[in-house]
Amino acid sequence: MLYDVQMETLPRDELEQLQLKRLQYLVEKVYYNVPFYRQKFKELRIKPEQIKTLKDLKYLPFTEKQDLRNNYPFGLFAVPKENVVRVHASSGTTGKSTVVGYTQRDISTWASLMARSFVAAGVTRRDIIHNAYGYGLFTGGLGVHYGAEALGATVVPVSGGGTKRQVMLMKDFGSTVLCCTPSYSLYLYETAIAQGIDIDSLNLKIGIFGAEPWTEEMRLDIEKKFQIKALDIYGLSEILGPGVAIECETTQQGLHIWEDHFLIEIIDPETGEVLPPGETGELVITTLTKEAQPLIRYRTRDITSIIPIPCKCGRTHYRIERLKGRSDDMLIIRGVNVFPSQIEAILLETEGLTPHYQLILKKEQSLDTLEIQVEVNEKIFSDEIKQLQKIEQKLVKTIKEFLGISTKVKLVEPKTIARSQGKAKRIIDLRNQS
Ligand code: DLL
């Protein structure tokens, strides 16, 4: 099933023509309406009329998260403030948060892209969507909410928190779709089991999980636990919120990025050079239709690659590979680069371990060290210490073998690692404290 058959199956040449038309309009708009961009264009000696083909995109300046911070809160708006009907903001763990504005049309574009994403995931208007993404400045809750309503499905706006009650509501309402972070879904599962709720008594069919990196191994675990099909959804507040890209139910391989609204590039994060399709690098997105706060060549810091191969589902929009993680979260352990997701994959393939883990970075004699704390299941926990030590040693060896880094592994008791209601905190960086 497709939501917008014409757009989603537009032949590539027509799609690219549309992108170019939208890009040219956008470039002119930001040049005349956003002083920040006019200044950047001037520095690079580029004028809007020089953008003649999509290839000319490479002449345009990048936009970075820091640019949003420098223009905090409303400095990048391309429309008069009175046309902005909503703002969202990122949590901003360091420094100021980044703010994004939406016009009425932006809100309806977003809702229709979310509805499109739902349909790609196999959701219909007959579904009951349990929406446990947080409502508020975070885009997850409201983004999913408006999309569900645009589709005509029933949305249960539970937001995050109150986990026991959530399980009860899911059961009582017969919810068929669960939307939350993958880590929160595991918490919901655990809570359901602890409450003695039979998972089979839930009516869930589909899970739409995103907002944080997760692995194929994690997907299989969640699908098995809930007996559902789990789909990966991607988005970021600076660009829109959820609904920038999603896997289709047909293949569950790679996330279709809605290219009539987003122009994508993959660059080498070190040099900024554009990489050919298929190569892994940093995803850069240009918003083609955003009115309130369009962004040109926004450096997402997310690491992925473009899959330029047509998908079996018939959609012509390219897919991106499951996100590996953010370049900021990449660990460099004695010169070796590792993403937390690579460690997660190994943990989840190890018998007796659970998907609850944390990576603790410390500095010892000026060298970075990594300790992996991972919970074992109840069964393993009751085993002898010797048995636990064996698992630890085996893990250290496997990680060394596959990822090339030396780590310490500490198996911890079930339910000792803090559960999150939104994005899981996987990395604890103590390097500046040791
Ligand atoms: O997390 C928007 C969202 C809400 C997406 C609900 C999906 C579902 P931010 O809080 O601005 O927005 O965080 C965006 O989260 O740059 C990625 O690093 C990460 N991220 C989002 N989705 C995924 C995903 C929302 N499916 C940042 N896989 C992004 C991996 C993801 N990382």
Side-chain angles (χ1 to χ4, degrees), residues 63-65 68-69 87-93 97-100 102 110 113-114 117-118 120-121 123 129-148 155 157 159-160 177-185 207-216 218-219 222 230-247 252-258 262 264 269 282-285 287 293 295 298-305 319-330 339-342 344-345 420-427:
T63 311
E64 309 230 15
K65 203 177 183 86
L68 274 89
R69 290 207 182 106
V87 289
H88 280 282
S90 74
S91 49
T93 40
S97 52
T98 46
V99 176
V100 268
Y102 303 77
W110 186 11
L113 287 184
M114 253 323 295
S117 304
F118 273 131
V123 179
I129 301 174
H130 182 96
N131 183 14
Y133 285 117
Y135 281 63
L137 286 174
F138 174 58
T139 50
L142 286 169
V144 162
H145 185 102
Y146 274 60
V155 58
S159 192
V177 179
L178 170 61
C179 293
C180 60
T181 57
S183 54
Y184 190 58
S185 80
I208 299 185
F209 304 120
E212 65 184 10
W214 54 310
T215 53
E216 191 56 32
M218 177 84 92
R219 188 218 305 272
I222 294 173
L231 286 308
D232 191 3
I233 184 165
Y234 169 76
L236 61 166
S237 45
E238 294 88 329
I239 294 299
L240 188 76
V244 172
I246 191 159
E247 288 175 331
Q252 287 180 291
Q253 268 170 22
L255 296 83
H256 289 278
I257 189 148
W258 304 126
F262 310 108
I264 54 169
E282 178 182 339
L283 178 66
V284 171
I285 307 180
T287 64
Q293 198 172 332
L295 293 181
Y298 182 68
R299 292 192 57 166
T300 64
R301 304 275 160 196
D302 292 320
I303 304 297
T304 181
S305 60
R319 287 168 291 164
I320 51 170
E321 212 53 80
R322 171 187 280 279
L323 286 293
K324 255 192 146 156
R326 296 177 62 76
S327 55
D328 332 327
D329 286 343
M330 189 178 74
F339 281 100
S341 58
Q342 291 172 286
E344 176 182 300
S420 108
Q421 293 173 357
K423 297 176 192 253
K425 188 164 169 50
R426 303 283 190 210
I427 302 175

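Keep in mind that the numbers below use all heavy atoms, side chains included, and drop hydrogens, waters and symmetry copies. Here, residue 1 is the first one in the sequence, and each next residue gets the next number. Order of appearance sets the numbers: ligands from 1, and atoms from 1 within every ligand. The structure displayed is predicted, hence computed values, not measured ones.
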### Task
Output, in order, the C-alpha distance, side-chain angles, deciding distance and verdict of salt bridge (Lys or Arg N to Asp or Glu O under 4.0 Å) for Arg219 and Glu247.
CA-CA 12 Å; Arg219 188 218 305 272; Glu247 288 175 331; 2.7 Å; yes
### Query
Heavy atom under 4.0 Å from ligand 1: found in Ala211's side chain, backbone, both, or neither?
both
### Task
Using distance alone, determine whether Trp214 and ligand 1 share an N or O pair under 3.5 Å.
no
### Task
Could you establish whether Arg301 and ligand 1 come within less than 4.0 Å of each other, counting only heavy atoms on the residue side?
no
### Query
With atoms numbered from 1 as shown, which atoms in ligand 1 lie under 4.0 angstrom from a non-hydrogen atom of Asp232?
24 (C), 26 (N)
### Task
Give the contacting part of Glu212 toward ligand 1: side chain, backbone, both or neither, where contact means a heavy-atom distance below 4.0 Å.
backbone
### Query
Looking only at non-hydrogen atoms, which of Thr304, Thr300, Asp302 approaches atom 29 (C) of ligand 1 most closely?
Asp302
### Summary
Residues at least two apart in sequence or cross-chain that pass salt bridge (Lys or Arg N to Asp or Glu O under 4.0 Å) with Asp329, listed by chain then number, are none
### Message
Go through it in stages, so that I can follow the logic: the residues are Trp258 and Ser117, the test is side-chain hydrogen bond (donor to acceptor under 3.5 Å, both in side chains), and I'd like the CA-CA distance, side-chain angles, deciding distance and then a yes or no.
### Response
CA-CA 9 Å; Trp258 304 126; Ser117 304; 3.1 Å; yes
### Task
Decide ring-ring contact (aromatic ring centres under 6.0 Å, His included) for Tyr102 and His88; before the verdict, give the C-alpha distance in whole Å, the side-chain angles of both, and the deciding distance to 0.1 Å.
CA-CA 8 Å; Tyr102 303 77; His88 280 282; 5.5 Å; yes
### Message
Using a 4.0 Å cutoff against the non-hydrogen atoms of Gly210, which atoms of ligand 1 qualify?
### Response
7 (C), 8 (C), 26 (N)
### Task
Could you find the nearest protein heavy atom to atom 13 (O) of ligand 1 and give me its residue, atom name and distance?
Lys423 NZ, 2.9 Å
### Task
Go through the structure and list residues passing side chain to side chain contact (heavy atoms under 4.5 Å, CB included) with Ser305, not counting sequence neighbours.
Thr280, Glu321
### Enumerated ligand 1 atoms positioned under 4.0 Å from heavy atoms of Thr139
2 (C), 12 (O)
